[in-house]
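Structure first, then comments.
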Amino acid sequence: MTTPSLSPDPLAQRFVQFALEAGVLRFGEFKTKAGRLSPYFFNAGLFDDGAKLGRLAEYYAERILASGVAFDMIFGPAYKGIPLAAAVAVELARRGHNKPFAFNRKEAKDHGEGGTLVGAPLRGRVLIIDDVMSAGTAARESIALIHGAGATPHAMAIALDRQEMATEVGPDGTVRDVPYSAVQYVQRELGLAVYAIAKLDDLLQYLLQQDDSAVRAHRERVQAYRARYGVA
């Protein structure tokens, strides 16, 4: 397994520190959807006040603009993607890049405007905003919605790339690891570029720079997890 780059990404390093200070990124023992015991947990739902959400949107906007990706509008998949898309749209407009945005409901509305889509009509090249990609399920659902509306799913922006193996269910119902991550699946199989504010390697790079003994213990556990479940 590769070690973190010797040239830290300044934006990613600032974001990791912010996530830790906000209590969004935590260390301990957490069971993932795949049934793994992870030594860290990232819960974007804890960006739960205006100040934290505003700062988060700044990081998204900075990564999106630095990537140079061209897009016509923003889409936020229900539910966590909804406030993210709205906040990022506001921040991009503040920086002189005003884009329409839309989101979906989990259940279709049978009165008023009806349907599952809310906001600007989906058209052109669509940038999907989400928090962390676990299995690529939300990406596939968003792509289907966007295609169904006659628009083009173009790219995704996420907060954290865990850089770990995805899982799939076999014919006999057993779950097995696969040698690619959810992000790599979306990139290779679904054809979308994915831009992450930070990756697991950035978290490791941050931990490598800390001298505190407690932090060193976290670093060892995260490194072991990366070695066991990580992808290149």
Side-chain angles (χ1 to χ4, degrees), residues 1-47 52 55-67 80 84 129-136 138-139 155-167 176-188 192-232:
M1 183 53 56
T2 56
T3 55
S5 168
L6 296 178
S7 300
D9 177 341
L11 173 61
Q13 294 300 297
R14 287 189 283 111
F15 178 70
V16 168
Q17 183 170 349
F18 165 54
L20 287 167
E21 291 171 350
V24 171
L25 181 58
R26 299 179 179 183
F27 298 108
E29 187 173 89
F30 308 93
K31 191 170 185 178
T32 70
K33 288 182 179 180
R36 301 166 185 159
L37 291 179
S38 172
Y40 74 98
F41 183 59
F42 182 87
N43 182 3
L46 295 177
F47 289 117
K52 286 184 282 193
R55 284 191 64 191
L56 175 61
E58 291 176 5
Y59 286 108
Y60 270 104
E62 192 170 341
R63 178 64 75 208
I64 290 165
L65 295 177
S67 76
K80 285 185 180 178
L84 294 177
I129 307 286
D130 213 343
D131 57 349
V132 177
M133 198 182 301
S134 299
M156 287 192 72
I158 61 175
L160 181 70
D161 178 0
R162 288 182 61 97
Q163 293 183 291
E164 68 180 76
M165 293 183 286
T167 58
R176 68 181 183 90
D177 296 335
V178 292
Y180 52 81
S181 69
V183 167
Q184 290 172 334
Y185 172 81
V186 168
Q187 291 172 323
R188 297 172 184 175
L192 269 66
V194 180
Y195 303 99
I197 303 174
K199 301 177 181 179
L200 178 55
D201 282 346
D202 296 308
L203 171 56
L204 277 170
Q205 187 66 257
Y206 178 88
L207 295 175
L208 284 167
Q209 297 172 7
Q210 310 305 309
D211 294 326
D212 183 83
S213 59
V215 171
R216 285 199 298 272
H218 295 318
R219 181 177 69 216
E220 291 169 2
R221 287 192 288 269
V222 173
Q223 284 177 319
Y225 188 82
R226 178 88 168 96
R228 171 64 180 86
Y229 296 111
V231 295

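Keep in mind that the numbers below use all heavy atoms, side chains included, and drop hydrogens, waters and symmetry copies. Given the structure is predicted, the values throughout are model-derived calculations rather than measurements. Residues take their numbers from the sequence shown, with the count starting at 1.
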Check: What are the two closest heavy atoms between Ala182 and Ala166, and how far apart are they?
Finding: N-CB, 3.9 Å
Margin query: Can you tell me how far apart CD1 (Ile158) and CE (Met156) are? Round to the nearest 0.5 Å.
Written below: 6.5 Å
Next item on the list: Specify whether Phe18 and Tyr59 have parallel, tilted or perpendicular ring planes, treating 30° as the upper limit for parallel and 60° as the lower limit for perpendicular.
Entry: parallel
Notebook entry, point to check: Going from CG on Asp130 to CG on Leu84, what distance comes out if it is rounded to the nearest 0.5 angstrom?
Noted result: 7.0 Å
Check: About how many Å separate CD of Glu58 and CD1 of Ile197, when rounded to the nearest 0.5 Å?
Finding: 11.0 Å
Next item on the list: Answer yes or no: is there an ion pair linking Asp202 with Arg14, defined by an N-O contact shorter than 4.0 Å?
Entry: no
Notebook entry, point to check: Taking 4.0 angstrom as the limit, do Asp201 and Arg226 come out as a salt bridge?
Noted result: yes
Next item on the list: May I ask you to check whether Gln163 and Tyr229 show a side-chain donor-acceptor distance below 3.5 Å?
Entry: no
Notebook entry, point to check: Just how far is it from atom CZ of Phe15 to atom CG of Asp9, taken to the nearest 0.5 Å?
Noted result: 11.5 Å
Next item on the list: Test side-chain contact (heavy atoms from CB on, under 4.5 Å) on Leu207 and Arg221 and set out the steps.
Entry: CA-CA 11 Å; Leu207 295 175; Arg221 287 192 288 269; over 6 Å; no
Next item on the list: Determine the minimum heavy-atom distance between Ala159 and Tyr60, stating which atoms define it.
Entry: N-OH, 3.3 Å
Check: Counting only heavy atoms not in Lys199, do more than 12 fall under 6.0 Å of its NZ?
Finding: no
Margin query: Quick check: do Gln209 and Pro8 have side-chain heavy atoms less than 4.5 Å from each other?
Written below: yes
Note to self: Any non-hydrogen side-chain atom of Leu200 less than 4.5 Å from a side-chain atom of Tyr40?
What the structure shows: yes
Checklist line | Residues forming a salt bridge (Lys or Arg N to Asp or Glu O under 4.0 Å) with Arg219, sequence neighbours excluded | finding: none
Note to self: I want to check something: taking the side chain as every heavy atom from C-beta on, are Ile64 and Ile129 in contact at a cut-off of under 4.5 Å?
What the structure shows: yes
Item checked: Any residue meeting side-chain hydrogen bond (donor to acceptor under 3.5 Å, both in side chains) with Gln17, in chain and number order, not counting sequence neighbours -> Glu21
Checklist line | Lys/Arg N to Asp/Glu carboxylate O, Arg36 vs Asp177, below 4.0 Å | finding: yes
Note to self: I need the minimum non-hydrogen distance between Ala193 and Tyr195, along with the two atoms involved.
What the structure shows: CB-OH, 3.7 Å
Next item on the list: Would you confirm whether Gln184, through its side chain, and Ala232, through its main-chain N or O, come within 3.5 Å as a donor-acceptor pair?
Entry: yes
Note to self: Tell me every residue that passes side-chain contact (heavy atoms from CB on, under 4.5 Å) with Leu46, counting only those two or more places apart in sequence or in another chain.
What the structure shows: Val24, Arg26, Asn43, Asp48
Note to self: Can you tell me how far apart NE2 (His218) and CZ (Phe27) are? Round to the nearest 0.5 Å.
What the structure shows: 6.0 Å
Notebook entry, point to check: Taking all atoms of both residues into account, what is the closest heavy-atom pair of Thr32 and Arg162, and its distance?
Noted result: CG2-NH2, 3.9 Å
Next item on the list: Quick one: sort the Tyr180 and Tyr185 rings into parallel, tilted or perpendicular, breaks at 30° and 60°.
Entry: parallel
Checklist line | Side chain proximity check, Val183 to Arg188, heavy atoms < 4.5 angstrom | finding: no
Next item on the list: To the nearest 0.5 Å, tell me how far Glu29 CD sits from Ser38 OG.
Entry: 9.5 Å
Margin query: Any non-hydrogen side-chain atom of Gln187 less than 4.5 Å from a side-chain atom of Leu192?
Written below: no
